[in-house]
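Nothing here was measured: the structure is a model prediction, and the numbers come from that model.
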2 protein chains.
Amino acid sequence: MPSVLIVDDELAIRDMVRMALEMDEFVCLEAGSAKDAHSIIVDDNPDVVLLDWMLPGGSGIDLLSRLRSEDLTREIPVIMLTARVAEEHIVRGLEKGADDYITKPFVPRELIARIRTLLRRSKPELNAERYQVGELVLDGTSHRVFAGSILIDLGPTEFRLLLFLMKHPERVYSRAQLLDHVWGANVYVEERTVDVHIRRLRKALQLPSTDYSKLVQTVRGAGYRFSPLGTGFS
Amino acid sequence: MPSVLIVDDELAIRDMVRMALEMDEFVCLEAGSAKDAHSIIVDDNPDVVLLDWMLPGGSGIDLLSRLRSEDLTREIPVIMLTARVAEEHIVRGLEKGADDYITKPFVPRELIARIRTLLRRSKPELNAERYQVGELVLDGTSHRVFAGSILIDLGPTEFRLLLFLMKHPERVYSRAQLLDHVWGANVYVEERTVDVHIRRLRKALQLPSTDYSKLVQTVRGAGYRFSPLGTGFS
DNA sequence: AAAAATTTTTACATTTTGATGACAAACTCG
DNA sequence: CGAGTTTGTCATCAAAATGTAAAAATTTTT
């Protein structure tokens with residue numbers, strides 16, 4: 001389970017964020033000052049740091065600089081928390097090496113979505129994998145899908161959809177779940193849209209030679225499932 | 001049809017929001033004060049609450065706190081309505097446990113999108129368990145039923161019915177109980193309908209090789225029971 | 001054995017749900 | 001800037017699932 005360090009001088013904010021994150025899928029660490037934060041980072045090596053920009057004495061900036069200057073901590077993803085107004089802070093923060101920022105106030109869900117995105121980026125091994133079922137190959141590194149030697153052309157969304165499905169075969173996902181995992185947790189999209197993209201994906205998987213679309217199965221009343229079972233592939 | 005409670009002291013605002021929501025999508029309830037709101041919530045259990053933050057006497061905050069502190073209402077999604085300026089209110093609101101916020105003035109379309117997103121989050125996902133009796137396997141994750149290596153095709157209701165029965169074997173359930181547990185507590189359906197679905201389930205469990213339908217047993221005058229005992233399975 | 005009670009089947013109208021094609025808005029890339 | 005993609009939404013069609021009523025079958029009671 002990924003760990004997140006929350007750096008903010010206000011206890012209330014820390015609590016809120018912790019509440020939101022622990023409900024989901026993260027372990028939380030907390031620090032009320034830049035100094036504490038640095039010790040914890042060195043000690044516990046969290047996967048992501050949430051850093052309030054407005055720490056007393058401008059020490060948030062300093063902490064980021066320091067993290068980026070030391071080999072041990074250079075790679076740790078940092079998300080800035082800033083007030084909405086302070087745009088120049090955002091620019092400065094990104095210059096100093098923050099990986100993302102989020103303006104207060106924010107909805108917990110949005111924060112979670114961004115953390116996930118960062119984790120995905122910083123742990124590429126999770127993403128750049130290669131999945132294969134029969135002759136169907138999805139190569140995360142090259143971002144390509146092959147059926148044997150034939151290149152299958154997919155739109156970005158269809159690619160992500162197939163990636164997600166192939167990553168979790170033999171498992172039904174409701175439209176809501178697919179929206180959360182493939183589209184992202186903070187988007188407002190109709191559930192029926194999933195149907196359409198499933199269709200586009202299937203269409204692309206229908207080759208004159210072989211019909212891979214059977215791998216993407218409808219489970220009436222429940223959602224969709226990727227499964228080689230009973231299709232002749234596997 | 002999902003119900004939405006609109007809490008705002010200004011009638012004009014309530015009407016506007018209601019208008020936007022009632023376009024054949026949501027049922028609206030209204031409350032002009034925190035007090036009314038609480039009664040309505042307890043009484044009618046709306047699916048989402050739209051809560052104006054600026055209720056007279058700051059009672060919006062109190063209402064949210066109260067909702068979050070009681071078991072009955074803790075899970076109800078709350079969207080805050082706030083004036084654009086009052087950012088610190090948003091932070092406070094999110095701390096107190098609001099699920100989302102939207103600043104006035106807002107576009108109806110956005111409001112609807114957010115409500116829908118919240119709704120799809122709050123609906124429970126399917127049971128992902130696995131039950132096995134003899135060669136008969138029900139896998140909740142993939143939403144499939146096998147008899148040995150043969151796939152059994154069930155409609156959604158038959159699937160839920162079998163899931164429930166396998167979950168509680170050796171126990172008789174009356175038709176009324178089955179309706180409650182499998183169909184849901186507040187649906188009005190004829191009791192005889194259960195018979196029909198039991199029949200459909202049995203039919204599906206009748207394979208040329210093995211007849212699993214004996215597992216679903218009739219208890220005359222009482223209801224039905226799932227039991228491997230004395231059937232040669234188990 | 002007839003009647004009554006209860007369950008099983010069948011048949012069918014209605015409702016739900018998913019597939020599909022079309023379209024306009026948003027986005028991308030040269 | 002524009003031509004070509006990609007995306008989300010909608011309207012429509014087809015298929016599947018559902019609930020009900022009623023007939024048939026079974027078991028229990030009288």
Side-chain angles (χ1 to χ4, degrees), chain A residues 143 145 151-163 172-180 182-184 186-206 211 213-225, chain B residues 1-2 23-25 107-110 112-114 116-117 120 123 126 143 145 152-163 172-180 182-184 186-206 211 213-225:
Chain A
H143 229 254
V145 179
L151 180 64
I152 295 182
D153 189 37
L154 293 180
T157 306
E158 280 74 56
F159 183 85
R160 272 179 291 138
L161 185 55
L162 181 60
L163 172 61
V172 177
Y173 288 97
S174 68
R175 293 177 175 73
Q177 287 175 310
L178 288 174
L179 283 177
D180 278 357
V182 177
W183 273 255
N186 49 353
V187 280
Y188 309 119
V189 180
E190 286 287 327
E191 292 206 347
R192 289 278 143 224
T193 300
V194 175
D195 296 32
V196 177
H197 283 275
I198 287 280
R199 170 178 156 279
R200 286 170 182 158
L201 175 56
R202 280 176 175 158
K203 205 171 190 177
L205 292 178
Q206 245 157 14
D211 182 6
S213 70
K214 283 176 293 189
L215 291 166
V216 180
Q217 302 165 356
T218 303
V219 182
R220 220 155 216 275
Y224 296 97
R225 169 182 59 202
Chain B
M1 200 154 52
M23 295 298 221
D24 200 277
E25 245 202 292
V107 192
R109 162 135 193 71
E110 190 186 351
I112 290 174
R114 292 187 181 226
R116 284 210 279 242
T117 303
R120 78 167 195 248
K123 75 182 157 198
L126 307 157
H143 221 264
V145 178
I152 296 182
D153 193 36
L154 294 180
T157 305
E158 281 74 58
F159 186 89
R160 284 198 312 268
L161 186 55
L162 179 59
L163 173 60
V172 182
Y173 288 97
S174 68
R175 294 177 175 73
Q177 286 176 310
L178 288 173
L179 282 177
D180 273 2
V182 177
W183 273 254
N186 36 18
V187 268
Y188 174 65
V189 189
E190 287 291 322
E191 292 209 342
R192 288 281 140 227
T193 300
V194 175
D195 297 32
V196 176
H197 282 277
I198 287 280
R199 147 103 192 340
R200 287 171 181 156
L201 175 56
R202 281 175 174 157
K203 202 171 189 180
L205 292 179
Q206 245 156 15
D211 182 7
S213 71
K214 283 176 292 188
L215 291 166
V216 180
Q217 302 163 357
T218 303
V219 181
R220 205 158 222 273
Y224 296 97
R225 169 181 57 202

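Neither OP1 nor OP2 of dT7(D) sits under 4.0 Å from any side-chain N or O of W183(A). In this structure, Y224(A) reaches the dA19(C) phosphate: one of its side-chain N or O atoms is under 4.0 Å from OP1 or OP2. An OP1 or OP2 oxygen of dA19(C) is reached within less than 4.0 angstrom by a side-chain nitrogen or oxygen of T218(A). Between R202(B) and dT8(C) there is a side-chain N or O to OP1 or OP2 distance below 4.0 Å.
Remark: P of dT9(C) and CD of E190(B) are 20 Å apart, rounded to the nearest angstrom. In this entry the distance linking CZ of R199(A) with C1' of dT7(D) reads 13 Å, nearest Å. Rounded to whole Å, atom P of dT20(C) lies 15 Å from atom NE2 of H197(A). Between the C1' atom of dA15(D) and the CG atom of D153(B) lies a distance of 13 Å, rounded to the nearest Å. Atom-to-atom, OH of Y188(A) to C1' of dA25(C) comes out at 20 Å; the value is rounded to the nearest Å. In this structure, L154(B) atom CG and dT18(D) atom C1' are separated by 15 Å, rounded to whole Å. Here the P atom of nucleotide dA19(C) and the CD1 atom of I198(A) are 8 Å apart, to the nearest Å. Distance CD (E191(A)) to P (dA19(C)): 14 Å, rounded to an integer number of Å.
No N or O donor and acceptor, one from the side chain of R192(A) and one from the base of dT9(D), sit under 3.5 Å apart.
No side-chain heavy atom of Y224(B) sits under 4.5 Å from any side-chain heavy atom of V219(B).
Side-chain polar atoms of E190(A) and Y188(A) form no donor-acceptor pair below 3.5 angstrom.
Contact annotation for R200(A): base contact, defined as any heavy-atom pair under 4.0 Å involving a base atom. At the heavy-atom level, T157(B) lies under 4.0 Å from the strands shown only through sugar-phosphate atoms.
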Subject >> Working for side-chain contact (heavy atoms from CB on, under 4.5 Å), residues V145(A) and E158(A) >> reply: CA-CA 11 Å; V145(A) 179; E158(A) 280 74 56; over 6 Å; no

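Distance from the side chain of E158(B) is smallest to dT18(D) among dT8(C), dG8(D), dT18(D). Here the side chain of P156(B) is nearest to one of dT18(D), dT8(C), dT9(D), namely dT18(D). When the nucleotides dA17(D), dT7(C), dT18(D) are ranked by their closest atom to the side chain of R220(A), dA17(D) comes out on top.
Under 4.0 Å is where a charged nitrogen must lie from a carboxylate oxygen, and between K214(A) and D211(A) no such pair does.
Between W183(A) and H197(A), the ring planes lie perpendicular to each other; the angle is over 60°, past the 30° to 60° tilted range.
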